[in-house]
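Data first, discussion second: the structure below is written as structure tokens.
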Amino acid sequence: MKWILVFMLICATTIGDVFRSLGMRRHGEIHDFRPGAIGTVLSALGRNKYVIISTCSMAVSFFSFMKLVSIAPMSFAVPMSAATFIPETLLAKYLLKEAVDWRRWIGAGLIAIGVVFVSQ
Amino acid sequence: MPATEALHSKTRLFTVITVLSNVAGNSALTRGMQQLGDPGDSPFALIGALFHPWVALGVALLIVWTLSHMALLSWADLSYVLPVTASAYVLTAFSGKFLLGETISLTRWAGIILITVGVTLVGRTPADTREMTTRL
């Protein structure tokens, strides 16, 4: 059960993050953080199909995480979610067209290994 | 303040908010779920758990995390945001030790150092390198 939840968490988080990034880029940079302006932004995001897909996927991720921490320590559950680093960095490069240079690859690799160590 | 410097400051501020709300939210959620125990396989039990005070606090903090993460992604690359917010993993380990009574072994310390080096390395790259994605 624990590993099924980890698998669900990783897949849902990866899909959620990539679509969230796509949706927010399509929306554009947020400049104004006054309450009225934030309401306008949230209203626009509620109609953004990428953000809607991301939110549904993040809901699956959230409930998987909730169930996981009820049967495993947080110091296991949280680092396991870092397994998303590799697929997300690959998708950032090839789907989102980001310039992922050697520093980002090495950094992401070190963090992924570090997270595995932290989960021991 | 020049536009680039303003963007750097905004990125740093939202990175700190994202990391702190994530760590505090996960810690509160875990504390609540551990007090409740395994809710079983019923989705209604999971929804019911949302009304436990610690779980509710965790959810509120994770909503802050979601909004600050979304704001950050409106101007910064995913391949930048993902690693620089990874310092949350280090803080989560400390939170697990001091708030939830979990232990930090030598291996875990080694992991914390690797994560810190990785975050520092990625933090030295520009936050925004992406081409316009509106054509997707």
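In what follows, every chain begins at residue 1, and chains take the letters A, B, ... in the order their sequences are listed.
With hydrophobic clusters built from ILVMFWY side chains whose heavy atoms lie under 4.5 angstrom apart, B/Leu61 does not share a cluster with B/Trp65. In the hydrophobic clustering of this structure, B/Leu72 does not group with B/Val16; members are Ile, Leu, Val, Met, Phe, Trp, Tyr whose side-chain heavy atoms approach within less than 4.5 Å, directly or through other members. Taken together through direct or relayed side-chain contacts under 4.5 Å among Ile, Leu, Val, Met, Phe, Trp and Tyr, A/Ile71 and A/Met66 form part of one hydrophobic cluster. A/Val60 and B/Leu50 fall into different hydrophobic clusters, where Ile, Leu, Val, Met, Phe, Trp and Tyr are joined by side-chain heavy atoms under 4.5 Å apart, directly or via other members. Taking hydrophobic clusters as Ile, Leu, Val, Met, Phe, Trp and Tyr residues chained together by side-chain heavy-atom distances below 4.5 Å, A/Leu95 shares a cluster with A/Val51.
Ring geometry, B/Phe14 versus A/Phe33: the interplanar angle falls from 30° to 60°, so the pair is classed tilted.
In terms of heavy-atom pairs under 4.5 angstrom with chain A, the leader among B/Leu67, B/Asn22, B/Val117, B/Leu29 is B/Leu29. Put simply, of B/Ala110, B/Gly118, B/Gly111, B/Ser79, the one with the most heavy-atom pairs under 4.5 Å next to chain A is B/Ser79. Of the listed residues (A/Glu29, A/Arg104, A/Met58, A/Arg103), the greatest number of heavy-atom pairs within a distance under 4.5 Å of chain B belongs to A/Arg104.
Distance check, rounded to the nearest 0.5 Å: NE2 of A/His27 to CE of B/Met70 gives 9.0 Å. For the atom pair A/Phe117 CZ and B/Leu106 CG, the distance stands at 12.0 Å (nearest 0.5 Å). Atom CD1 of residue B/Ile113 and atom CG of residue A/Leu110 lie 12.0 Å apart, to the nearest 0.5 angstrom.
Listed here is the closest heavy atom pair of A/Ile111 and B/Pro83: CD1-CB, 3.6 Å. Here the closest non-hydrogen pair linking B/Ser74 and A/Ile30 is OG-N, 3.1 Å.
Contact of the A/Asp17 side chain with the B/Leu82 side chain is registered, since non-hydrogen atoms from C-beta on lie closer than 4.5 Å. The closest side-chain heavy-atom distance from B/Leu78 to A/Arg20 is not below 4.5 Å. Side-chain contact check for B/Met33 versus A/Phe65: every heavy-atom pair is 4.5 Å or farther apart. A/Met24 has its side chain out of reach of B/His69: every pair of non-hydrogen atoms, C-beta onward, lies at least 4.5 Å apart.
A salt bridge links B/Asp77 with A/Arg25; the closest basic N to acidic carboxylate O contact falls under 4.0 Å.
There is no contact between A/Leu91 and chain B, counting heavy-atom distances below 4.5 Å. Proximity to chain A (any heavy atom under 4.5 Å) is restricted, for B/Val55, to the side chain, taken from C-beta onward. Using a 4.5 Å cut-off between heavy atoms, A/Val18 touches chain B through backbone and side chain atoms alike. Looking at B/Leu36, there are no atoms closer than 4.5 Å to chain A (heavy atoms on both sides), in backbone or side chain. In this structure, chain A has no heavy atom under 4.5 Å from any part of B/Thr116. Proximity to chain A (any heavy atom under 4.5 Å) is shown, for B/Ser27, by both the backbone and the side chain. With a 4.5 Å cut-off on non-hydrogen atoms, A/Leu42 touches chain B through its side chain but not through its backbone.
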Requested in this report: Decide yes or no on side chain to side chain contact (heavy atoms under 4.5 Å, CB included) for A/Val69 and B/Gln34, but give the supporting numbers first.
Outcome: CA-CA 7 Å; A/Val69 292; B/Gln34 287 179 348; 5.7 Å; no
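Crowding of A/Phe7 atom CZ: a count of heavy atoms from other residues, nucleotides or ligands under 6.0 Å not exceeding 12.
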